[in-house]
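Each chain gets a letter, A, B and so on, in the order its sequence line appears, and its residues count up from 1.
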Protein chains: 2
Amino acid sequence: MKGVEEILQQHSLKNTKLRKAVLSVLMRSDKGLSHQDLSRSLEVDFDRVTLFRTLHVFEESGILHKIMDPHGIAKYAYTAKPVTGKHCHAHFICLECGQVFCLDEEFPLEEVKVPKGFSKKTIDVQIKGYCNKCAAQS
Amino acid sequence: MKGVEEILQQHSLKNTKLRKAVLSVLMRSDKGLSHQDLSRSLEVDFDRVTLFRTLHVFEESGILHKIMDPHGIAKYAYTAKPVTGKHCHAHFICLECGQVFCLDEEFPLEEVKVPKGFSKKTIDVQIKGYCNKCAAQS
DNA sequence: AACACAACGCAACAGAGTTGCATTTAAATT
DNA sequence: AATTTAAATGCAACTCTGTTGCGTTGTGTT
Ligand SMILES: [Mn+2]
Ligand SMILES: [Mn+2]
Ligand SMILES: [Zn+2]
Ligand SMILES: [Zn+2]
């Protein structure tokens, strides 16, 4: 597992307190985290706008990928293996607690048929249901 | 193709101007429409809150299904064949113009593997790329 | 140490969606 | 046709996510 500072350098991003903190939290998380989630769990002081901009930059750089939950809230997850566009792993979204999990399973984009003239770029698969904790309670 | 008033009756929903107008527009549309899209294309007078509530009610009744676009905007589409949960058709989302199209292709939920203790309810597949008009222009 | 540009903090803003409550209306009942 | 009632509506105020502009600070480089 690569170090936080090394990753920032590789993407020509300046090494700041917030960036290191955000990346550190997300690399340790097995779930996608929202702006609000991160606000709560970050130790350092920061401005909310700066966090939005940090997440954008990380997404554009391909360090994070963004998943939209059913309420339209963006969740971000660390991208361990770079997304090529040909393969995309699926996400599990809990209908009870809203948590987003990256699944191992991948879906092939080539096989999907689209109308004439349409060009495919990415495929995004969301499985919705109840996570282990929420399924146990109900 | 069933009539608008008939559908409302079957779901025990009162037959109002706005509901008839919304359903009528969406049944004719081959694309998912947002609150804003509908606001623009509806002929009748209505309050924006009422339209939000109308869309919620239609979704809960299974008359419409909701698709989240990459900007977190909800788009609604008429559900011709009722969704059983076992099958779910995919959606194409244009990265340029943001339009949402229902695709014919269906994906089987059973085959997807999820972690121990997780229970699956629905599968949601989004293909992103460029629609025929936007692909032609670039 | 000096420099340049990227990143930051702050304030103000935009837009989607929600909540509470009083008023109206569809549709059932008489 | 008049009465009744629960459902639907309209309005105002609000919450929350995300954005924009701009002056200030800080990282990385020379
Ligand atoms: Mn993921
Ligand atoms: Mn659809
Ligand atoms: Zn859960
Ligand atoms: Zn398009």
Side-chain angles (χ1 to χ4, degrees), chain A residues 3-24 32-61 63-76 93 98-100, chain B residues 3-24 32-61 63-76 93 98-100:
Chain A
V4 174
E5 283 151 32
E6 193 184 340
I7 294 175
L8 290 172
Q9 261 181 11
Q10 286 173 348
H11 290 86
S12 314
L13 297 174
K14 288 191 179 168
N15 217 311
T16 70
K17 274 195 299 270
L18 181 62
R19 284 179 176 173
K20 283 187 281 186
V22 168
L23 198 43
S24 174
L33 301 179
S34 66
H35 181 281
Q36 197 184 78
D37 295 335
L38 286 162
S39 296
R40 283 198 266 255
S41 63
L42 286 171
E43 306 278 316
V44 301
D45 253 15
F46 64 93
D47 184 80
R48 50 187 298 281
V49 177
T50 306
L51 178 54
F52 277 118
R53 291 200 262 239
T54 297
L55 293 171
H56 285 158
V57 167
F58 282 178
E59 193 200 354
E60 281 169 19
S61 307
I63 298 173
L64 300 183
H65 61 276
K66 179 180 171 183
I67 310 113
M68 275 294 170
D69 85 358
H71 299 292
I73 308 295
K75 308 246 172 156
Y76 293 87
I93 300 181
Q99 288 190 97
V100 172
Chain B
V4 173
E5 283 151 31
E6 194 184 339
I7 294 176
L8 290 172
Q9 261 181 12
Q10 286 173 348
H11 289 85
S12 314
L13 297 175
K14 289 190 178 168
N15 218 310
T16 68
K17 275 195 299 271
L18 180 61
R19 284 178 176 174
K20 283 188 281 186
V22 168
L23 198 43
S24 174
L33 301 180
S34 66
H35 182 281
Q36 198 184 83
D37 294 336
L38 285 161
S39 296
R40 284 197 266 257
S41 63
L42 286 171
E43 308 277 317
V44 300
D45 253 16
F46 65 94
D47 183 81
R48 50 187 296 284
V49 177
T50 306
L51 178 53
F52 276 118
R53 290 200 263 238
T54 297
L55 294 171
H56 286 159
V57 167
F58 282 179
E59 192 200 354
E60 280 168 20
S61 306
I63 298 174
L64 300 181
H65 60 276
K66 177 180 171 184
I67 310 113
M68 275 294 168
D69 86 356
H71 300 293
I73 308 295
K75 308 247 171 155
Y76 293 88
I93 301 181
Q99 288 189 95
V100 171

Using only side-chain N and O atoms of B:Gln36, determine if any of them is under 4.0 Å from OP1 or OP2 of C:dG15.
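Checking C:dG15 against B:Gln36, no side-chain N or O comes under 4.0 Å of OP1 or OP2.
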
Looking at B:Arg19, I'd like to know whether one of its side-chain N or O atoms comes within less than 4.0 Å of OP1 or OP2 on D:dA8.
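Yes, within the criterion.
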
Euclidean distance, atom CG of residue A:Leu8 to atom P of C:dA7 [Å, nearest integer]
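Going from A:Leu8 (CG) to C:dA7 (P), I get 10 Å.
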
Along DNA chain D (nearest heavy atom to each residue), the more 5'-positioned of A:Arg53 and B:Thr54:
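Looking at the nearest nucleotide for each, B:Thr54 comes out on the 5' side.
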
5'-most by nearest nucleotide on DNA chain D - B:Asp45 or B:His71:
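Whichever sits nearer the 5' end wins; that is B:Asp45.
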
By nearest nucleotide on DNA chain C, pick out whichever of B:Phe52 and A:Thr50 is the more 5' one.
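Final value for this comparison: A:Thr50.
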
Does A:Glu43 have more than 12 heavy atoms from other residues, nucleotides or ligands lying within 6.0 Å of its CD?
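Not buried by this count: 12 neighbours or fewer within 6.0 Å.
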
Side chain of B:Lys17, backbone of B:Phe46: donor and acceptor closer than 3.5 Å?
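It does not hold such a pair.
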
In the 5'-to-3' direction, what one-character label does each nucleotide of nucleotides 24-30 of chain C receive under the scheme B = base within less than 4.0 Å of a protein heavy atom, S = sugar-phosphate only, - = no such atom?
--BS---

Closest to the A:Val49 side chain, choosing from C:dG17, C:dC8, D:dT19:
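Looking only at heavy atoms from C-beta outward on A:Val49, the closest nucleotide is D:dT19.
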
Ignoring the backbone of B:Ala74, work out which of D:dG10, D:dG18, C:dG17 is nearest its side chain.
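The answer is C:dG17, which lies nearest to the side chain.
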
For DNA chain D, the dot-bracket notation using Watson-Crick and G-U wobble pairs below 3.5 Å, [ ] for pseudoknot-type crossings and | for other-strand pairs, is ||||||||||||||||||||||||||||||

